[in-house]
Amino acid sequence: MSSERPLRSVLYIPASKARALVKAATLETDAIIFDLEDAVSPDEKVAARDLLVQALADNDYGVRTKIVRINGLDTEWGQADAEAIQGCDIDAVLLPKVETTDQLDALGAIVGDVPLWAMMETPRGVMNAAALAEHPQMQGFVMGTNDLAKDLGCRYHKDRMPMLTSLQMCLLAARSTGIAAIDGVYNAFRDDDGLTHECTQGRDMGFDGKTLIHPLQLPIANAAFAPSDDEIDLAKRQIEAFEAALASGEGVAVVDGAIVENLHVVTARATLAKVAAIAALAS
């Protein structure tokens with residue numbers, strides 16, 4: 001999915017908030033996680049489920065990727081959540097605290113061939129990331145960094161050093177199978193500098209995008225996870241130079257004093273494809 005649609009910004013929307021469900025259809029977010037889990041209090045969960053099913057039927061969310069985060073199947077709401085969204089127009093169902101492929105099998109047995117995404121937010125889940133990424137219905141990992149930090153007992157640092165091993169293990173697993181990998185949330189939603197720093201770090205690591213908790217965070221994530229003007233220019237020049245080199249019987253080219261081989265051209269073409277996908281999303 002990460003290669004088919006942009007996933008720069010993935011915004012959580014509480015399924016219990018009717019106005020937010022309507023407004024989500026107008027926001028410049030690449031994807032929406034309609035949340036039945038953490039964002040909904042226990043006494044609102046049944047009503048939120050019904051509200052979400054109706055909202056998905058009534059609202060046109062366009063080409064935005066639509067993901068529903070259900071409650072865990074080990075809770076009193078999870079089974080009914082999964083059953084309720086079977087006939088809804090969604091792109092994936094997101095399961096919290098995924099640790100084993102048995103959990104994915106159980107969810108798949110309920111929702112049929114709907115693609116599955118997994119919240120990676122426990123130490124056991126991270127340790128089993130490679131196996132989870134191999135599941136035939138798995139199409140995306142979402143880092144649940146708040147829950148993971150709680151379980152690890154780690155402290156927050158701006159460089160996220162205590163979290164890097166977990167982030168990279170999940171990213172490696174996702175890349176090994178070609179599924180999407182979305183970075184965790186940044187809690188201080190009015191701290192633009194902090195969000196920019198963390199988005200840049202996540203993009204540099206290789207994540208497709210970032211989960212967000214407030215619409216104010218959308219412009220920063222969308223900019224950070226999109227190719228920059230310099231990257232676009234370099235990609236075009238690398239492709240042009242390499243094609244010219246091939247035409248003259250050479251196997252490599254030189255751009256800005258650096259060797260350009262086929263692997264660089266693959267990356268360059270992927271950059272331009274992402275630019276085209278973002279443009280299509282905005283049209």
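We're numbering straight along the sequence, starting at 1.
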Would Asp208 and Arg203 count as a salt bridge (charged side-chain N to carboxylate O under 4.0 Å, His left out) here? Give the steps.
CA-CA 7 Å; Asp208 295 299; Arg203 171 61 190 92; over 6 Å; no
More than 12 non-hydrogen atoms from neighbouring residues, nucleotides or ligands closer than 6.0 Å to CD on Glu240, yes or no?
no
Can you find a side-chain donor-acceptor pair between Ser9 and Asn222 that sits under 3.5 Å?
yes
Does the Thr75 side chain pair with the main chain of Asn71, one donor and one acceptor, at a distance under 3.5 Å?
no
Would Lys45 and Asp50 pass as an ion pair if we require N to O under 4.0 Å?
no
For the pair Asp147 and Lys97, find out whether any cationic side-chain nitrogen is under 4.0 Å from an anionic carboxylate oxygen.
yes
Can you see which heavy atom on Val126 is nearest to which on Cys170, and at what distance?
CG2-SG, 3.9 Å
Partners meeting ring pair (Phe, Tyr, Trp, His ring centres under 6.0 Å) with Tyr61 (sequence neighbours left out):
Phe34
Looking at Lys274 and Phe225, would you say the former's side chain and the latter's main chain have a donor-acceptor pair under 3.5 Å?
yes
Do Tyr186 and Asp191 have a side chain donor and acceptor closer than 3.5 Å?
yes
Test side-chain contact (heavy atoms from CB on, under 4.5 Å), reference Ile182, set Phe141, Phe207, Trp117, output is Trp117
Shortest non-hydrogen contact between Leu148 and Pro123, atoms and distance:
CD1-N, 3.8 Å
Side chains of Glu99 and Thr122: do they bring a donor and an acceptor to under 3.5 Å?
yes
Work out which heavy atom in Glu121 is nearest to a heavy atom in Gly144; give both atom names and the distance.
CB-O, 3.4 Å
Between Arg64 and Asp91, does at least one N-O distance fall below 4.0 Å, as a salt bridge requires?
no
State whether the number of non-hydrogen atoms from other residues, nucleotides or ligands found under 6.0 Å of Glu28 atom CD is greater than 12.
no
Would Leu281 end up clustered with Ile67 when hydrophobic side chains under 4.5 Å apart are linked, directly or stepwise?
no
Modelled atom types, side-chain donor and acceptor of Asp230 and Ser228, under 3.5 Å
no
Of all heavy-atom pairs linking Leu216 and Arg190, the shortest is CD1-NH1, 3.8 Å
Taking the basic N atoms (NZ, or NE/NH1/NH2) and the acidic carboxylate oxygens, is any pair closer than 4.0 Å for Arg269 and Glu243?
yes
For Leu7 and Ala180 the tightest heavy-atom approach is CD1-CB, 3.7 Å
Count the heavy atoms belonging to other residues, nucleotides or ligands that lie under 6.0 Å from CG of Asp159, then report whether that count exceeds 12.
yes
Partner set under ring pair (Phe, Tyr, Trp, His ring centres under 6.0 Å) for Tyr156, not counting sequence neighbours
none
Between Asp193 and Lys158, does any side-chain N to carboxylate O distance fall below 4.0 Å?
no
Atom CE of Met205: over 12 foreign heavy atoms under 6.0 Å:
yes
Please check if atom CG in Asp229 has more than 12 non-hydrogen atoms from other residues, nucleotides or ligands closer than 6.0 Å.
no
Taking all heavy atoms of Ala226 and all of Glu231, pick out the closest pair and write down the distance.
O-OE1, 4.2 Å
